[in-house]
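Written below as structure tokens is the structure these notes are about.
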Number of protein chains: 2
Amino acid sequence: MRSATEDQGHRESADDRTSKARIRDAAIASIAEHGINGTTARKVASVAGVSPGLVIHHFGSMEGLRSACDEYVAVTIREFKERAMSGGPSLDVLAALRDAPNGPLMGYLAQVLADDSPAVARLVDDLVGDAEGYIQQGVESGMLRPSDDPRGRAVVLTLWSLGALVLHQHLRRLLGVDLTDPEILTSPTAAAYVAPIYEIYGEGIFEEAFAAQTRAVFADDQGAT
Amino acid sequence: MRSATEDQGHRESADDRTSKARIRDAAIASIAEHGINGTTARKVASVAGVSPGLVIHHFGSMEGLRSACDEYVAVTIREFKERAMSGGPSLDVLAALRDAPNGPLMGYLAQVLADDSPAVARLVDDLVGDAEGYIQQGVESGMLRPSDDPRGRAVVLTLWSLGALVLHQHLRRLLGVDLTDPEILTSPTAAAYVAPIYEIYGEGIFEEAFAAQTRAVFADDQGAT
DNA sequence: TCTGTGGCTGAACGCATGTTCAATACTCTA
DNA sequence: TAGAGTATTGAACATGCGTTCAGCCACAGA
């Protein structure tokens, strides 16, 4: 099924990409910008500089192209995560992803996270699992507090991060921070989003007396129900 | 433009709704279940028991129908919020919305929050503004800690809640909690989602030494840059 | 130079969509 | 009861979609 001229998986060869690779990249960029429903076979073919027929010829159908994009993005993210992991554990999973090589990667995620595909579901599961590992490392090194439900906390923190990514349009309108901007790290406005997060991460939002009260309620619930 | 037979805005009359109202409700239910792109004029007409032509006749276009749905949902939420506000301030804005009268309301929000419309943007702005008010009340009554950036904190907390709603499929897969379920309050599994949240709200996730360290970093950033 | 193989084209097909419009059913008014 | 005006229909139209397919064209081997 794979011919000799294809170099799929070897993304080191930069300029002369296979038509198949060009179609895939064009689809990812189009989905990141116009969403899944705004991405048609003809538009992708036009951006990639090929005919609409070739899109189907290479990927079987538009659903096949979508799956290939999901898989490619998932693999790219996993590769980048491994590289980032060797440089020490990161607190926020997304923070390690923001300077990923491919530009429209965050935009693609923002568009695809809402309507679930199998590849995206697996990617989210992986992100949660990695976050659980990072958090555990943070707990062991004394940076992070232990939790009554480490997995539940990892799920909540990861979905909060990903949810903010999906709602990046609202975040940009409200705080002027664009999470899909590839160069977000160099933007000074990012502090408007990061500072409140670190404040919550640092001290929560409940005063201690009220926090103890809610803890008691949950203890009662667990005992009663 | 508005005839005498319509009773739009008077949702007290339960069974005999106007055709226009039936079309609008069918569209909301369809969008909540199948998303915006899975909602066609013919499907809505079929569910509402009318012809496709009547959909356009009443709303001008599908975009007009979409706007009408956004507006109706926004008004419904605002009405319910006012009623909930009279019963005392609520910590989480979404918590006050979960037992809203209309069933598919949360599902509709989950589908619509991602791709922004003017009405949804205004609704989100309102939710943030309300949250800021609630939080300020909580601070004044000694339940919540004050913040260096009250508005930023309100934005982050609101978008985290709404983001979790948009990603409800992942939340259900990972924790078994479905935020779009109208009867979520009676479900005992909701604690799997609420308990980690209250833990984070209560004490954050940073140990105190590390929290002080991050505070120092942000103070340096603000001073240097 | 001839030949064949495979990437690639682009015109075409079937389908679903949003929308239009003349005709019809209905309901209220006079 | 007669008329008027509106709600409603359902067939039709144009459009854009995914997909198909017969053929072109460049290039490798004999």
Side-chain angles (χ1 to χ4, degrees), chain A residues 1-10 13 15-31 33-70 111-112 115 117, chain B residues 1-10 13 15-31 33-70 111-112 115 117:
Chain A
M1 191 178 281
R2 192 171 291 182
S3 82
T5 58
E6 294 185 29
D7 63 342
Q8 186 186 4
H10 295 263
S13 62
D15 276 308
D16 47 353
R17 291 170 296 174
T18 303
S19 291
K20 191 171 180 178
R22 250 183 304 134
I23 292 170
R24 190 229 306 124
D25 291 351
I28 290 175
S30 174
I31 289 176
E33 190 171 2
H34 307 104
I36 293 174
N37 309 283
T39 297
T40 70
R42 284 171 175 81
K43 287 181 189 173
V44 169
S46 169
V47 172
V50 299
S51 68
L54 197 62
V55 175
I56 304 301
H57 173 253
H58 275 310
F59 295 94
S61 67
M62 285 305 284
E63 192 183 332
L65 174 59
R66 164 71 198 282
S67 299
C69 291
D70 280 352
Q111 295 282 355
V112 177
D115 57 2
S117 77
Chain B
M1 190 178 280
R2 192 171 290 183
S3 82
T5 58
E6 293 185 29
D7 62 343
Q8 186 186 3
H10 295 263
S13 61
D15 276 307
D16 47 355
R17 293 170 294 173
T18 303
S19 291
K20 191 171 180 178
R22 252 184 303 133
I23 291 170
R24 189 228 309 123
D25 291 352
I28 290 175
S30 175
I31 289 176
E33 190 171 3
H34 306 103
I36 294 173
N37 309 283
T39 297
T40 69
R42 283 169 176 82
K43 286 182 188 172
V44 169
S46 169
V47 172
V50 298
S51 68
L54 196 63
V55 175
I56 304 300
H57 173 252
H58 275 309
F59 294 94
S61 67
M62 285 303 285
E63 193 184 332
L65 174 58
R66 164 70 199 283
S67 299
C69 291
D70 280 351
Q111 295 283 356
V112 180
D115 57 2
S117 77

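Since the model is a prediction, treat every value here as computed from it, not as a measurement. Proteins come first, then strands; the chains are lettered A, B, ... in the order of their sequence lines, and each starts at number 1. Just so it is clear, the values below take in all heavy atoms, side chains as well, and ignore hydrogens, waters and symmetry mates.
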**Report entry** DNA chain C: 5'-proximal contact among B:Lys43 and A:Gly49 (nearest heavy atom)
**Finding:**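 Counting from the 5' end, the first nearest nucleotide belongs to A:Gly49.
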
Sub-3.5 Å pairs of nitrogen or oxygen atoms, protein against nucleotides 18-22 of chain C:
| from | atom 1 | to | atom 2 | distance (Å) |
| --- | --- | --- | --- | --- |
| C:dG18 | OP2 | B:Ala41 | N | 2.9 |
| C:dG18 | N7 | B:Arg42 | NH1 | 3.0 |
| C:dG18 | O6 | B:Arg42 | NH2 | 3.1 |
| C:dT19 | OP2 | B:Met62 | N | 2.7 |

Query raised in the report: Which part of the nucleic acid, if any, lies within contact of B:Val50, taking any heavy atom under 4.0 Å across all strands shown: a base, the sugar-phosphate backbone alone, or nothing?
Result: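 Here B:Val50 touches the backbone only, sparing every base.
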
Which residues satisfy the side chain to side chain contact (heavy atoms under 4.5 Å, CB included) test with [X], sequence neighbours excluded?
X       : answer
A:Ser51 : A:Leu54
A:Ala45 : A:Val50, A:Pro52, A:Val55
A:Ala41 : A:Met62

Query raised in the report: Measuring from B:Ile56:CD1 to B:Ser61:OG, what's the distance to the nearest 0.5 Å?
Result: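 If I round to the nearest 0.5 Å, the distance is 6.5 Å.
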
Requested in this report: Sort and list the pairs that fulfil side-chain hydrogen bond (donor to acceptor under 3.5 Å, both in side chains) and have at least one residue in residues 34-43 of chain A, not counting sequence neighbours.
Outcome: A:Ser30-A:Thr39, A:Asn37-B:Asn37

Query - Pairwise salt bridge (charged side-chain N to carboxylate O under 4.0 Å, His left out) hits with a residue in residues 48-67 of chain B, at least two apart - result: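 Checked against salt bridge (charged side-chain N to carboxylate O under 4.0 Å, His left out) - neighbours excluded - the pairs reaching residues 48-67 of chain B are B:Arg66-B:Asp70.
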
Rounded to the Å, how far apart are [X] [atom1] and [N] [atom2]?
X       : N      : atom1 : atom2 : answer
A:Leu54 : C:dC8  : CG    : C1'   : 6 Å
B:Leu65 : C:dT17 : CG    : C1'   : 15 Å
B:His58 : D:dT8  : NE2   : P     : 5 Å

